[in-house]
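Below, chain A is the first sequence line, B the second, and so on; all start at residue 1. Heavy atoms only: backbone and side chains are in, while hydrogens, waters and symmetry mates are out.
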Amino acid sequence: MRKLPRSFYRRDSLELAPLLLNKLLVHGSRVVRIVEVEAYRGESDPASHAYRGCTARNATMFGREGHLYVYFTYGMHWCANVVCGEKGVARAVLLRAAAPVAGLAELRAARFGSSARRPPASQRDRDLCSGPAKLAQAMGLTGEHDGADLVLGDLGVVLAADGIEPPASPGTSTRIGLSAGTEQPWRFFVTGDPNVSRR
DNA sequence: ACCGGGATGTTCT
DNA sequence: GAACATCCCGGTG
């Protein structure tokens, strides 16, 4: 398991997004393998939080590459992005889904509660991280992790590579859940992985 | 299986 | 006041 250097993040979000597939996201003892992402491209992208410039909410997106951008939405959900590009240029990749790898008990507790009873059919492993807010909830990522440096491992959050390469031909589609910028095929996913979010 | 609506509160117009 | 990079549950077929 090899932590990714700063230079890995020094690319445009469109280039970084498919490279994030099959990378490991680590938070303490919890480890997941990223299987679905979306690229966002700042000022030129009407779907991006940075489309109308830098605000208190999206400031991390304009900051240094290799940091987490975590935002709050729909009054109850957190979503996590990886900031890339160069400082001052708002580029980020939304982490949309992942496969559980380690720390399954903690992932389940964070998503479904710590009750010891047998989970119902809806509480399957593929429901742990099969969406951006589910992924953040399972991994325990909230506003306190906004701005965390993945290269330094701030707050125990790290991005790492193991033996698994990104897919040579990832699946692609338009981005999900938007009302603008819906034309660009800037969603990338590991074809056939059961943890990829469903439409 | 699919579809519709409610939850819940921050951010920006 | 509206929108929101979402999710869950309960309806119906």
What's touching nucleotides 11-13 of chain C from the protein side, N or O pairs under 3.5 Å?
none

Return the minimal non-hydrogen interatomic distance between [X] and [Y], and the atom names on each side.
X	Y	answer
A:Ala138	A:Leu128	CB-O, 3.5 Å
A:Thr60	A:His67	CG2-CB, 4.5 Å
A:Leu4	A:Val151	O-CG2, 4.1 Å
A:Pro132	A:Leu94	CB-CD1, 4.2 Å
A:Ala17	A:Val37	O-CG2, 3.3 Å

Tell me, which stems hold DNA chain B, with a stem being 3 or more Watson-Crick or G-U pairs in a row and both distances under 3.5 Å? B:1-7 with C:6-12, B:9-12 with C:1-4

Whole-Å C1' distance, B:dC3 and C:dA5: 22 Å

Any idea how A:Trp78 and A:Phe72 line up, ring-wise: parallel (<30°), tilted (30 to 60°), or perpendicular (>60°)? tilted

Regarding A:Arg52, tell me which of base, sugar-phosphate or nothing describes its non-hydrogen contacts under 4.0 Å with the strands shown. sugar-phosphate

Heavy-atom count check: over 12 atoms from other residues, nucleotides or ligands less than 6.0 Å from A:Tyr51 OH? no

For A:Glu43, does the CD atom have more than 12 heavy-atom neighbours from other residues, nucleotides or ligands under 6.0 Å away? yes

How many whole angstroms separate atom [atom1] of [X] from atom [atom2] of [N]?
X	N	atom1	atom2	result
A:Phe72	B:dT11	CZ	C1'	11 Å
A:Asp146	B:dT10	CG	C1'	14 Å
A:Phe112	C:dC9	CZ	P	10 Å

Please check if A:Leu95 and A:Tyr69 belong to a single hydrophobic cluster, counting links between Ile, Leu, Val, Met, Phe, Trp and Tyr side chain heavy atoms closer than 4.5 Å. no

Got a salt bridge between A:Arg187 and A:Glu36, using NZ or NE/NH1/NH2 to carboxylate O under 4.0 Å? yes

Hey, are A:Asp193 and A:Arg126 close enough for a salt bridge, meaning a charged N less than 4.0 Å from a carboxylate O? no

B:dA1, OP1 or OP2 - any side-chain N/O from A:Arg198 closer than 4.0 Å? no

Below 3.5 Å is the cut-off: list the nitrogen or oxygen pairs between protein and nucleotides 3-6 of chain C, distance only.
from  : atom 1 : to       : atom 2 : distance (Å)
C:dC4 : OP1    : A:Ser179 : OG     : 2.7
C:dC4 : OP2    : A:Ser179 : OG     : 3.4
C:dA5 : OP1    : A:His49  : NE2    : 2.5
C:dA5 : N9     : A:Tyr71  : OH     : 3.4
C:dA5 : N7     : A:Ala47  : O      : 3.4
C:dA5 : N7     : A:His49  : NE2    : 2.9
C:dA5 : N1     : A:Asn81  : OD1    : 2.6
C:dA5 : N3     : A:Tyr71  : OH     : 3.2
C:dT6 : OP1    : A:Arg96  : NH1    : 3.3
C:dT6 : OP2    : A:Gly177 : O      : 3.4
C:dT6 : O2     : A:His77  : NE2    : 2.9

